[in-house]
Amino acid sequence: MIQTIATAPIAGMKPGTSGLRKKVTEFAAGHYLPNFVQSVFDAVRPQAGFGGLTLVVGGDGRYFNREAIQTVLRMAAANGFARVLVGQDGIFSTPAASAVIRQHGAFGDLILSASHNPGGPDGDFGIKFNGANGGPAAEKITDAIYTRTLTIDRFFTTDTADIDLGTLGTQEVERMQVEVVDPVADYLALMRKLFDFPALQRLFASGFRLAFDAMHAVTGPYAHAIFERELGAAPGTVRNGTPLPDFGGHHPDPNLVHAKELHDLMMSADAPDLGAASDGDGDRNLIIGRGLFIAPSDSLAMLAANAHLAPAYQGGIAGIARSMPTSGAADRVAQALGVPCFETPTGWKFFGNLLDAGKVTLCGEESAGTGSDHVREKDGVWAVLLWLNILAVRQQSVQAIAHEHWARFGRNYYTRHDHEDLDSAVANDLMQALATRVLGLAGGTLEGRAVAIADDFSYLDPVDGSVSKHQGLRLVFGDGSRIVYRLSGTGTSGATLRVYIERFEADPARHRLDTQAALADLITLADRLAGIRDRTGREVPSVVT
Ligand code: G1P
Ligand code: ZN
């Protein structure tokens with residue numbers, strides 16, 4: 001029976017960049033989850049209601065995933081959806097859900113994940129709505145959802161029993177069909193179309209070795225099915241391949257801190273040919289060649305320069321988009337290819353319009369996100385497959401490809417320093433004072449460096465004309481070097497200050513290997529300008545990538 005439950009807005013509920021992320025203890029308490037789900041449904045309900053429409057539901061397997069899915073299923077039925085496609089055992093990676101929306105003409109999805117944030121009873125939980133194009137909802141929709149959370153006074157649910165998420169096939173909740181589907185099948189079919197699987201099978205048959213770290217998160221089942229079973233990579237290629245509710249107690253963030261074991265392996269004498277990892281919900285990627293970490297900004301540029309070697313992109317790419325803090329390495333490739341390069345604010349949702357309009361084919365962010373027009377999310381396993389396809393065709397090592405790339409395009413030295421869990425008031429004060437400082441530098445010089453741009457980044461979407469302001473303080477010097485500061489929008493405790501530092505070096509003879517050393521002057525300048533040490537008392541960043 002459909003029930004209408006009275007509720008009241010919950011203080012402190014606010015969607016993050018494209019969804020809601022909180023401690024699982026908050027999510028599981030009272031009406032927190034139902035309030036948010038109903039706010040989404042109220043904000044996106046078409047005039048004619050949800051009749052005839054399909055919703056895709058799944059998550060990254062973290063603690064509270066299954067319970068939350070049962071709640072969402074009951075509420076979807078009570079809100080009048082005709083059908084839900086849910087991944088077996090409640091599993092869908094974020095990019096796979098995007099693919100399923102597009103493949104089945106679904107209305108959208110609800111993905112239960114807090115991405116790369118830790119899980120478990122004391123960890124984080126999250127929920128995000130993607131629309132019919134398979135991408136994160138645009139700002140005007142997330143704003144409407146947020147506005148609704150402020151006035152929500154009732155939600156709809158049913159008194160039906162839990163669905164058996166373990167058994168493939170169709171069940172019913174009230175009059176809604178629930179199809180429990182294999183979370184890998186549609187995604188695998190799409191990857192087969194994009195890449196030269198026979199060539200990849202030959203690559204692995206010839207002895208090529210891959211180490212893929214699924215970090216006990218959602219990509220385990222995808223990686224086992226695709227790399228080991230489909231492409232013939234040796235058993236053991238996939239590490240930490242079983243999704244666990246607490247990610248084995250680790251932080252499922254594929255960076256050099258949290259994927260240290262993989263990094264150490266790749267720097268060892270017995271390193272395999274390619275090391276890769278993905279995050280909690282499978283949208284991020286880490287790429288490490290034998291003895292060489294490929295920074296995400298470089299990976300985007302190298303993939304763009306070589307994408308035509310994979311069947312999906314053999315006709316060339318329409319353009320590239322990168323987030324503002326991502327290095328300019330991709331811009332140089334775009335220029336060489338004669339295609340546009342768009343600079344967007346941080347967050348995948350800004351790529352959606354450009355992809356939908358066919359203006360770009362590849363997109364990427366410095367935060368280990370790379371993707372293409374095949375879905376509307378960044379896609380970790382896809383990035384590894386594109387690298388593999390390129391390696392199979394070029395028959396060279398990752399190192400050789402990287403060095404040839406830098407010799408041809410020059411090298412953008414790049415680093416990001418994160419200061420995590422700062423007192424929010426301290427972080428806000430710092431940014432406010434810094435804004436005045438940075439804006440005052442426009443047209444002037446700083447310690448002998450000519451300042452070319454000093455602003456708070458603002459983006460005009462070329463497709464829908466919307467403007468997004470206050471997207472990061474940007475200081476660009478005459479030689480193209482940059483310092484960018486912004487506060488994270490995805491953290492769940494305190495504030496995180498991110499400082500992005502970049503310098504271009506055209507001369508291959510001067511390509512020193514140590515990134516931090518190559519950027520030392522700018523790193524010191526960035527700290528001094530913002531007064532990070534003085535204001536936060538932090539001697540060193542929490543994470544350096
Ligand atoms: C971070 C990354 C950003 C990415 C987002 C979601 O956001 O910096 O590039 O799109 O996670 O994965 P931030 O915490 O910086 O707001
Ligand atoms: Zn993620």
Side-chain angles (χ1 to χ4, degrees), residues 255-257 260 263-264 266-267 286 288-289 291-301 323-332 366-368 399 402-403 405-407 409-420 422 427 430-431 433-434 437-438 441 444-454 472-488 496-545:
N255 61 31
L256 299 183
V257 175
K260 185 171 184 308
H263 177 259
D264 292 347
M266 295 309 297
M267 299 303 136
L286 170 69
I288 314 179
L292 182 68
F293 160 63
I294 305 293
S297 296
D298 276 337
S299 181
L300 172 65
S323 66
M324 182 273 282
T326 302
S327 95
D331 304 41
R332 295 173 189 279
E366 50 67 40
S367 54
Q399 276 231 16
H403 283 289
H405 185 96
W406 291 327
F409 296 99
R411 181 167 181 181
N412 291 69
Y413 280 102
Y414 184 85
T415 190
R416 184 178 100 183
H417 288 201
D418 294 334
H419 302 267
E420 292 177 345
L422 300 176
L430 182 153
M431 284 301 280
L434 184 60
R437 194 81 216 272
V438 166
L441 288 168
T445 58
L446 178 64
E447 301 189 1
R449 297 167 191 264
V451 174
I453 302 173
L473 298 173
R474 187 167 64 145
L475 199 52
V476 185
F477 299 105
D479 64 354
S481 301
R482 299 194 309 167
I483 301 173
V484 172
Y485 304 86
R486 57 179 285 281
L487 292 182
S488 156
T496 294
L497 170 67
R498 304 200 196 283
V499 186
Y500 310 83
I501 295 152
E502 172 178 4
R503 181 170 76 79
F504 179 67
E505 176 59 71
D507 179 3
R510 291 175 53 202
H511 288 174
R512 282 187 284 162
L513 267 180
D514 183 46
T515 300
Q516 299 303 313
L519 294 169
D521 295 356
L522 286 165
I523 292 171
T524 315
L525 178 57
D527 178 76
R528 202 162 47 233
L529 188 68
I532 297 173
R533 252 178 238 230
D534 297 343
R535 285 174 174 271
T536 67
R538 301 283 177 89
E539 288 298 316
V540 289
S542 334
V543 182
V544 172
T545 42

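Please read these numbers as outputs of a predicted model, since none were measured by experiment.
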Sub-4.5 Å side-chain heavy-atom contact between [X] and [Y]:
X: Glu505; Y: Trp406; value: no
X: Ser481; Y: Leu522; value: yes
X: Arg411; Y: Thr515; value: yes
X: Leu473; Y: Ile483; value: no
X: Leu292; Y: Met267; value: no

Taking Ser542 for the side chain and Glu420 for the main chain, is one N or O donor matched with an acceptor at less than 3.5 Å?
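Yes, because the side chain of Ser542 sits within donor-acceptor range (under 3.5 Å) of the backbone of Glu420.
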
Taking side-chain hydrogen bond (donor to acceptor under 3.5 Å, both in side chains) as the test, write out the residues that go with [X], two or more places apart.
X: Ser323; answer: Thr326
X: His417; answer: Gln516
X: Thr496; answer: none
X: Tyr500; answer: Arg486

Can you name the side chain to side chain contact (heavy atoms under 4.5 Å, CB included) partners of Ala295, sequence neighbours left out?
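Testing Ala295 for side chain to side chain contact (heavy atoms under 4.5 Å, CB included), a comparison that skips the adjacent residues, returns Phe293, Asp298.
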
Contacts of Ser299 that satisfy side chain to side chain contact (heavy atoms under 4.5 Å, CB included) - sequence neighbours left out:
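Expected list: Ile287, Ile294, Leu303, Trp387.
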
With sequence neighbours excluded, give me every side-chain hydrogen bond (donor to acceptor under 3.5 Å, both in side chains) pair touching residues 531-541.
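Qualifying pairs, neighbours excluded: Arg533-Glu539.
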
Residue pairs fulfilling salt bridge (Lys or Arg N to Asp or Glu O under 4.0 Å) with at least one residue in residues 476-485, sequence neighbours excluded:
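Those involving residues 476-485 are Glu343-Arg482, Arg482-Glu502.
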
What pairs with Asp418 under salt bridge (charged side-chain N to carboxylate O under 4.0 Å, His left out), at least two apart in sequence or on another chain?
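Only Arg416, Arg498 meet the salt bridge (charged side-chain N to carboxylate O under 4.0 Å, His left out) criterion with Asp418.
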
Does the cation-pi check pass for Arg503 over Tyr414, that is, NZ or CZ under 6.0 Å from the six-membered ring centre and within 45° of its axis?
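That pair does not qualify as a cation-pi contact.
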
Residues in ring-ring contact (aromatic ring centres under 6.0 Å, His included) contact with His405, at least two apart in sequence or another chain:
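Checked His405 against ring-ring contact (aromatic ring centres under 6.0 Å, His included); matches are Phe409.
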
